[in-house]
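Just so it is clear: chains get the letters A, B, ... in the order the sequence lines come, proteins before strands, and each one is counted from 1.
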2 protein chains.
Amino acid sequence: MESSSSANPPTTDSKTEPKKAKVADKITVTEVAAEAGVSISAVSRAFNPNASCSEKMKQKVFAAADKLDYRPNRLARGLKSNSSLIGILMTDFENPAYLSILDDFTTAIQQRNCHSLLINASQQMSIAEAVELVMQYHVDGLIVTSATLPQALIDACQAQNTPVVIFGRHSAESIATVVCSDNVANGRMAADLLLDAGYQRPAFVGGTVAASTTTDRQRGFIGRLIERGCEHWFCVEGGRHSYDAGFDATCKLFNSADKPDSIFYVDDIMACGGMDAIRYELGLRVPEDIGVIGVDDIRLAHSRAYSLTTIRQPFTDMVNTTVEALFEHIQDPTLEARQITVPCSLITRNSTRAAKKN
Amino acid sequence: MESSSSANPPTTDSKTEPKKAKVADKITVTEVAAEAGVSISAVSRAFNPNASCSEKMKQKVFAAADKLDYRPNRLARGLKSNSSLIGILMTDFENPAYLSILDDFTTAIQQRNCHSLLINASQQMSIAEAVELVMQYHVDGLIVTSATLPQALIDACQAQNTPVVIFGRHSAESIATVVCSDNVANGRMAADLLLDAGYQRPAFVGGTVAASTTTDRQRGFIGRLIERGCEHWFCVEGGRHSYDAGFDATCKLFNSADKPDSIFYVDDIMACGGMDAIRYELGLRVPEDIGVIGVDDIRLAHSRAYSLTTIRQPFTDMVNTTVEALFEHIQDPTLEARQITVPCSLITRNSTRAAKKN
DNA sequence: CTGAAAGCGCTTACAG
DNA sequence: CTGAAAGCGCTTACAG
């Protein structure tokens with residue numbers, strides 16, 4: 001008998017001696033089940049919203065879990081059910097717009113009790129590697145904010161039934177759900193604003209080559225210029241989406257004898273770089289000599305130093321719509337891909353002349 | 001015998017009939033092992049760098065894996081070995097510096113074949129919730145870039161032996177490894193520059209209340225002013241790290257009869273907001289009327305619109321050092337916490353007057 | 001509603 | 001170097 005193994009009567013000393021340093025790690029369902037005096041299945045169910053479990057059982061389990069400081073292991077959970085991980089593929093780390101976009105994305109994802117695996121596809125990492133990654137972690141869904149669409153990635157996801165939603169890009173060839181603004185319309189809006197203000201020799205400055213944002217906005221812009229009888233226009237590509245790219249492209253634009261009198265930049269950060277080139281490098285005035293309009297409405301656009309006329313993309317709404325759509329696809333894998341277009345609005349500030357009365 | 005089961009002689013037709021749609025999903029070690037004709041242990045070893053496995057075996061396994069388009073499941077792997085997930089805790093989504101910092105972090109982490117779980121602790125999410133998260137995904141390590149140090153999180157990580165490295169903040173109370181610049185020295189540097197240029201009534205504009213960056217830079221700055229006999233100085237706090245916070249704090253500073261003649265901002269984005277307040281709201285000239293200096297050297301600091309004198313933090317180096325240190329801690333859990341201080345350099349641009357000859 | 005048992009896809013001592 | 005087997009921590013039919 002156990003009680004006879006001790007020659008001395010129990011004292012308080014024997015009770016207060018350290019319990020083998022109480023190795024706190026490795027609290028799993030097993031420990032919680034033991035503590036609560038229930039089965040491990042019951043513990044699992046208590047932590048699973050849509051599993052049948054009595055209130056009384058939950059009480060017992062949670063009490064034990066709290067006492068033991070238990071946290072379910074998401075990795076183990078992900079093995080049978082979903083990982084609660086959402087992949088965010090990003091390439092545009094130079095455009096400050098993406099910092100607030102990322103803020104919005106992570107917030108929306110966390111509100112749904114999921115978490116963000118941020119994949120940087122801007123540098124060394126090839127799309128093929130990104131595919132590996134997303135697949136290996138069995139993300140529940142993928143958000144693509146890449147400037148150029150990684151079709152291989154999207155195909156791979158769909159082959160594995162991983163829903164993907166594309167943010168901010170049009171995609172005719174892809175069968176994934178897309179949330180973006182009508183970039184052709186945005187281009188037309190810019191053309192109208194410049195022409196209405198009396199500018200006569202507009203230029204377009206693009207970003208990433210072959211990105212749909214650049215091609216669509218350019219198409220809308222130039223198309224509308226021609227429609228309204230403006231035959232004298234310019235085009236140049238910055239290649240990237242940064243202040244410096246905008247600055248350099250602008251200098252290039254003014255490098256020939258034939259110069260523009262207004263510029264539509266594919267985004268605000270390039271427009272800021274461009275404005276500085278115009279004002280400080282070329283010594284011209286904005287908006288008197290040169291009118292400037294961008295797209296996005298980043299924080300800097302309403303700074304006093306730039307006060308940039310721009311076409312506002314409602315990023316927070318777009319992000320929420322994107323996340324919403326992604327979770328719908330996760331819930332119902334049979335849902336068909338759709339194209340969600342959000343409306344943009346013109347924000348007139350001081351980088352363009354006021355429209356002429358007609 | 002199988003061949004007798006068919007009444008008709010085999011034709012090409014029977015060979016080309018669809019193989020039950022070839023359900024491609026669920027390729028696991030088992031399938032690869034079968035295809036390669038080896039054990040599943042062998043497959044596992046082939047994919048594990050530090051496991052003994054012959055070249056010949058690897059060839060066989062990889063051939064089979066390629067054929068089947070197999071990808072190891074990181075979630076399952078994480079159950080026994082490490083998750084290859086690194087948590088990045090971030091709060092500062094208004095300061096553009098953090099976009100390039102994030103670019104650098106994700107790049108460095110991906111180069112080490114790990115991936116980034118981005119945790120947004122800026123809004124609704126309490127530190128307690130962040131703790132849950134990090135623990136639940138069993139991240140191999142955690143990087144904290146939070147303005148104020150979430151001591152509870154750090155304690156929780158250490159209780160579970162999860163290494164954590166703190167980026168950009170000093171921390172006397174914490175026992176975690178820290179990578180930051182010498183913020184007190186930075187404050188002194190700013191004070192010297194302003195005094196040397198002949199400014200006599202310097203002000204300090206802080207950011208997040210109680211953040212070590214603000215308190216340390218302020219301490220160094222004011223301390224040095226006093227040391228050099230400057231008795232007339234000002235202090236104000238912006239509360240956040242944004243253009244608008246800098247703008248508003250500056251207006252407040254000039255709201256009384258007693259006004260400063262130069263301002264040291266806790267970071268560049270606030271300095272930009274401040275410069276615009278000075279130039280466009282208050283109608284004063286920079287640097288003639290008011291000298292301005294910031295910290296960070298963000299992209300905007302060297303724009304022509306701001307041309308901001310600043311104290312450059314070598315972010316890319318700091319990030320790489322942080323990731324390096326984190327992986328050292330992961331490799332060797334017995335490693336002691338250390339404080340790594342990186343040197344900053346003064347970048348003189350046009351927002352301050354040139355130093356007076358003495 | 002609850003428990004026993006099998007299984008998720010991998011890794012890792014343990015023998016050979 | 002290789003294979004059989006146990007185990008990582010959870011979930012989920014299947015009975016009761």
Side-chain angles (χ1 to χ4, degrees), chain A residues 23-62 64-65 68-85 113 132 135-140 160-161, chain B residues 23-62 64-65 68-85 113 132 135-140 160-161:
Chain A
V23 192
D25 34 28
K26 294 297 153 202
I27 297 298
T28 72
V29 274
T30 311
E31 282 69 42
V32 177
E35 175 73 30
V38 301
S39 73
I40 61 164
S41 327
V43 176
S44 173
R45 283 196 205 93
F47 278 93
N48 242 288
N50 38 5
S52 44
C53 181
S54 67
E55 266 315 309
K56 205 174 148 191
M57 174 63 87
K58 278 187 186 167
Q59 304 272 308
K60 279 200 289 189
V61 171
F62 291 154
L68 264 32
D69 202 24
Y70 165 76
R71 309 174 212 287
N73 179 337
R74 291 254 194 176
L75 262 22
R77 173 178 295 189
L79 215 48
K80 291 224 78 160
S81 76
N82 46 13
S83 65
S84 302
L85 240 29
N113 228 314
E132 286 307 304
M135 301 289 93
Q136 290 184 7
Y137 280 103
H138 289 217
V139 298
D140 290 347
Q160 294 230 356
N161 297 316
Chain B
V23 193
D25 35 27
K26 292 299 154 203
I27 297 298
T28 73
V29 274
T30 310
E31 282 68 44
V32 177
E35 174 73 31
V38 301
S39 72
I40 60 163
S41 327
V43 176
S44 173
R45 283 196 204 93
F47 278 93
N48 242 289
N50 38 5
S52 44
C53 181
S54 66
E55 267 316 307
K56 206 174 148 191
M57 174 64 87
K58 277 187 187 167
Q59 304 272 310
K60 278 201 290 189
V61 171
F62 290 154
L68 265 33
D69 202 24
Y70 165 75
R71 310 173 211 285
N73 180 337
R74 291 253 194 177
L75 261 23
R77 174 179 293 188
L79 216 47
K80 291 224 78 160
S81 76
N82 45 15
S83 65
S84 301
L85 240 30
N113 229 314
E132 286 307 303
M135 300 288 93
Q136 289 185 8
Y137 280 104
H138 289 217
V139 299
D140 290 346
Q160 294 230 357
N161 297 316

**Q** Please report the distance, rounded to the nearest Å, between NZ in B/K60 and C1' in D/dC1.
**A** 11 Å
**Q** Of all heavy-atom pairs between B/V32 and B/V61, which one has the smallest distance, and what is that distance?
**A** CG1-O, 3.9 Å
**Q** Just name whichever nucleotide pairs with C/dA13, Watson-Crick or G-U, keeping both distances under 3.5 Å, else none.
**A** none
**Q** Can you find a side chain N or O atom of B/T28 that sits less than 4.0 Å from OP1 or OP2 on C/dG9?
**A** no
**Q** Quick check: closest heavy atoms across A/A36 and A/A64, and the distance to 0.1 Å?
**A** CB-CB, 3.7 Å
**Q** Checking all strands, does B/R74 fall into the base, sugar-phosphate, or nothing category for heavy-atom contacts under 4.0 angstrom?
**A** nothing
**Q** Measuring from the side chain of B/S39 (C-beta onward, heavy atoms only), which nucleotide among C/dC10, C/dA4, D/dA4 has the closest atom?
**A** D/dA4
**Q** Might you point out which heavy atoms bring A/V139 and A/S83 nearest each other, and give the distance in Å?
**A** CA-OG, 3.7 Å
**Q** Whole-Å distance between D/dC8 P and A/E31 CD?
**A** 10 Å
**Q** Output the rounded distance in Å from CD (B/Q59) to P (D/dC1).
**A** 15 Å
**Q** Across all strands shown, which nucleotide pairs with D/dA4 by Watson-Crick or G-U wobble geometry, both distances under 3.5 Å?
**A** none
**Q** Taking the minimum atom-to-atom distance to the side chain of B/M57, which one of C/dC10, D/dG3, C/dG3 wins?
**A** D/dG3
**Q** Tell me: CD1 of A/I40 to P of D/dG7, nearest whole Å?
**A** 14 Å
**Q** What's the closest nucleotide to the side chain of A/R45 if the choices are C/dA4, C/dC1, C/dT11?
**A** C/dA4
**Q** Tell me which nucleotide among C/dC10, C/dA4, C/dC8 gets nearest to the side chain of B/A76.
**A** C/dC10
**Q** Looking at B/Y137, I'd like to know whether one of its side-chain N or O atoms comes within less than 4.0 Å of OP1 or OP2 on D/dG9.
**A** no
**Q** Does D/dT11 have OP1 or OP2 sitting under 4.0 Å from an N or O in the side chain of A/N48?
**A** yes
**Q** What is the distance, rounded to the nearest whole Å, between atom CZ of B/R77 and atom P of D/dG9?
**A** 18 Å
**Q** By the 4.0 Å heavy-atom rule, please label B/S44 as base, sugar-phosphate, or nothing.
**A** base
**Q** Could you tell me the separation between the NZ atom of B/K80 and the P atom of D/dG9, rounded to a whole number of Å?
**A** 8 Å
**Q** Rounded to whole Å, how long is the line connecting atom CG of A/L79 with atom C1' of D/dT12?
**A** 13 Å
**Q** Between B/S41 and D/dG3, is there a contact of a side-chain N or O with OP1 or OP2 at under 4.0 Å?
**A** no
**Q** Which comes earlier along DNA chain D counting from the 5' end, the contact point of B/H138 or that of B/C53, where each point is its nearest nucleotide?
**A** B/C53
**Q** Using whole Å, what does the distance between atom C1' of nucleotide D/dG9 and atom CZ of A/F47 come to?
**A** 13 Å
**Q** So, taking the atom named NZ in A/K56 and the one named NZ in A/K58, what distance separates them when rounded to the nearest 0.5 Å?
**A** 15.5 Å
**Q** Atom CG in A/N73, atom CE in B/M135: separation rounded to 0.5 Å?
**A** 11.5 Å
**Q** Distance check, rounded to the nearest 0.5 Å: B/R74 atom CZ versus A/L75 atom CG?
**A** 11.0 Å
